Protein chains: 2
Amino acid sequence: MKAYVLYLTQSRLLFIIMGKILKVGRWSMSDQKTDRRIIRTKRMLRDALTVLMEEKGFERITVSDLTEKADINRGTFYLHYQDKFDLLKKSEEEIIDGLRELKTKIILPTEIESAPLHLVKLFEYIADNARFMKLILGPKGDPGFQVKLKRFMETTFLEKAMKRSNHESLSVPIEHLMAYVTSAHLGVIQHWLESGMQQTPQEMASTVMKITFYGPAQLAGLKQSPPQDNGGH
Amino acid sequence: MKAYVLYLTQSRLLFIIMGKILKVGRWSMSDQKTDRRIIRTKRMLRDALTVLMEEKGFERITVSDLTEKADINRGTFYLHYQDKFDLLKKSEEEIIDGLRELKTKIILPTEIESAPLHLVKLFEYIADNARFMKLILGPKGDPGFQVKLKRFMETTFLEKAMKRSNHESLSVPIEHLMAYVTSAHLGVIQHWLESGMQQTPQEMASTVMKITFYGPAQLAGLKQSPPQDNGGH
DNA sequence: TAATAAAACAACAGCTTGTCCATTACTTAG
DNA sequence: CTAAGTAATGGACAAGCTGTTGTTTTATTA
């Protein structure tokens with residue numbers, strides 16, 4: 001398998017492999033993350049993204065908007081990101097990475113039945129990143145991020161709990177139960193963000209746990225009509 | 001108050017009022033919806049929208065794409081819609097209107113505790129419009145539509161049920177309970193669509209009702225750790 | 001201070017947008 | 001069936017955005 005260097009400009013490297021042109025990202029001898037200029041540029045662009053999403057929503061943003069708001073040359077943008085979708089994706093990944101860090105920190109020997117503490121930490125993290133979270137999870141945000149967040153919740157603190165349950169006793173498919181709970185959690189988070197975060201992360205976690213354990217209907221005091229099984233016929 | 005007709009092109013009408021230019025939508029003597037050509041054009045464009053959203057997602061679609069796929073002159077597009085966002089919005093509104101019709105049809109004297117039947121009808125309607133629903137509620141869809149759908153569920157069959165509950169007994173804020181349940185419903189719908197709709201609408205409605213009544217944790221057999229109130233301190 | 005890399009500048013073809021006009025094709029009321 | 005009315009077409013336009021490039025300037029760091 002041969003690889004020919006085809007072209008080499010400032011920070012761009014192109015290969016031809018098997019007759020196909022392949023663009024292989026960026027070219028640099030030094031450590032990418034050291035240079036202050038890079039960090040500054042990226043920070044400016046991500047800040048600009050946030051501001052502009054608040055102003056007009058992601059769909060209406062152009063790369064020109066971003067670089068103008070960030071006070072950066074438009075060409076510089078393309079030195080770091082492919083397009084505005086790439087910028088969004090990488091901003092999202094940063095948030096998810098933060099979540100994953102949270103996860104490794106949180107597994108302590110003291111908490112075996114630790115779902116509530118997990119939840120509190122999650123709400124705290126969201127509060128710390130409220131501005132971006134509110135946007136990305138809001139009505140003009142990115143539904144793909146919702147999926148990522150739900151998947152994170154599922155693998156982190158729900159799957160574990162569910163694994164411990166007695167599957168045979170489940171009268172509903174586990175996948176639906178999962179979809180129900182993760183989405184419910186997400187919905188409460190969204191509402192919390194939209195309504196200006198009037199409650200503390202502790203209160204929110206407690207609320208969510210209560211509903212999950214006692215059930216929405218029980219908590220609302222609706223006991224008069226237990227659901228009859230009309231799924232069979 | 002004077003109004004001067006400034007300009008009149010094919011199907012466009014412009015005013016100047018108090019020195020300000022005002023574009024007043026569309027101009028036509030006849031009933032907009034009668035003409036077969038209009039109906040055909042709109043249908044073609046909405047079909048093209050669906051296909052293209054499947055192909056590349058809404059963000060990547062251009063008006064040129066739409067008109068090319070629909071085999072329609074690009075100028076014609078602007079005779080009916082402002083831009084691609086307008087087309088999406090109107091397609092969504094059509095779906096929501098269908099839901100509202102469902103709602104008026106459904107209120108029959110036989111069902112007082114009718115939440116389950118409401119739900120079955122909802123799932124049936126979604127199945128009937130599965131292709132568009134899957135897209136619009138999917139990871140490349142429109143989060144704004146999720147909000148609309150949740151609001152519909154809230155006002156239609158949840159608010160009524162909640163109103164009947166004894167509010168004083170609620171140990172969690174009703175708004176959070178609402179957010180929890182509507183989002184949970186939405187999540188199950190999304191999962192159902194994503195996974196190829198293996199279950200019947202009846203089964204789905206039954207599943208959702210069960211979880212809502214007995215609670216996710218109870219159904220999973222997790223009874224060992226009832227949530228202690230850690231929201232206070 | 002010298003080597004190195006990022007950013008700025010300026011230009012480019014190609015594409016999309018929204019709008020317009022004149023012409024053609026279709027629809028429907030009479 | 002015809003004629004009036006209206007939608008659709010084709011062609012054109014300026015304006016704006018995109019992604020890329022080569023050259024020059026500026027900043028960083030060893």
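A, B, ... follow the sequence lines: proteins, then strands. Residue 1 opens every chain. Only a predicted model underlies this, so the values are computations on that prediction, with no experimental measurement involved.
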Protein-nucleotides 28-30 of chain C N/O pairs under 3.5 Å:
{"from": "dT28(C)", "atom 1": "OP1", "to": "Thr34(B)", "atom 2": "O", "distance (Å)": "3.1"}
{"from": "dT28(C)", "atom 1": "OP2", "to": "Arg36(B)", "atom 2": "NH2", "distance (Å)": "3.4"}

Arg60(B): salt bridge (Lys or Arg N to Asp or Glu O under 4.0 Å) partners, not counting sequence neighbours: Asp83(A)
Sequence neighbours excluded, the answer for ring pair (Phe, Tyr, Trp, His ring centres under 6.0 Å) partners of Phe123(A) is Trp192(A)
Just how large is the angle between the end axes of the helix from dT1(C)-dA30(D) to dG30(C)-dC1(D), five pairs per end, to 10 degrees? 40°
Quick one: is the NZ or CZ of Lys140(B) closer than 6.0 Å to the six-membered ring centre of Phe58(B), and within 45° of its axis? no
Gln82(B): which residues meet the side chain to side chain contact (heavy atoms under 4.5 Å, CB included) condition with it, sequence neighbours left out? Asp86(B)
For Glu194(A), salt bridge (Lys or Arg N to Asp or Glu O under 4.0 Å) partners two or more places apart: none
List the residues meeting salt bridge (Lys or Arg N to Asp or Glu O under 4.0 Å) with Asp97(B), not counting sequence neighbours, and say none if there are none. Arg100(B)
Partner set under ring pair (Phe, Tyr, Trp, His ring centres under 6.0 Å) for Phe152(A), not counting sequence neighbours: none
What residue pairs, at least two apart or across chains, pass side-chain hydrogen bond (donor to acceptor under 3.5 Å, both in side chains) with a residue in residues 50-59 of chain A? Glu54(A)-Arg131(A), Glu55(A)-Lys69(A), Lys56(A)-Asp65(A)
Within residues 61-69 of chain A, find the residues that approach DNA chain D with a heavy atom at under 4.0 Å, and present them sorted by residue number. Thr62(A), Val63(A), Ser64(A)
Heavy atoms within less than 4.0 Å of DNA chain C: which residues of residues 53-60 of chain B have one? Give them sorted by number. none
Once salt bridge (Lys or Arg N to Asp or Glu O under 4.0 Å) is applied, do any residues pair with Glu124(B), and if so which ones, sequence neighbours excluded? Lys121(B)
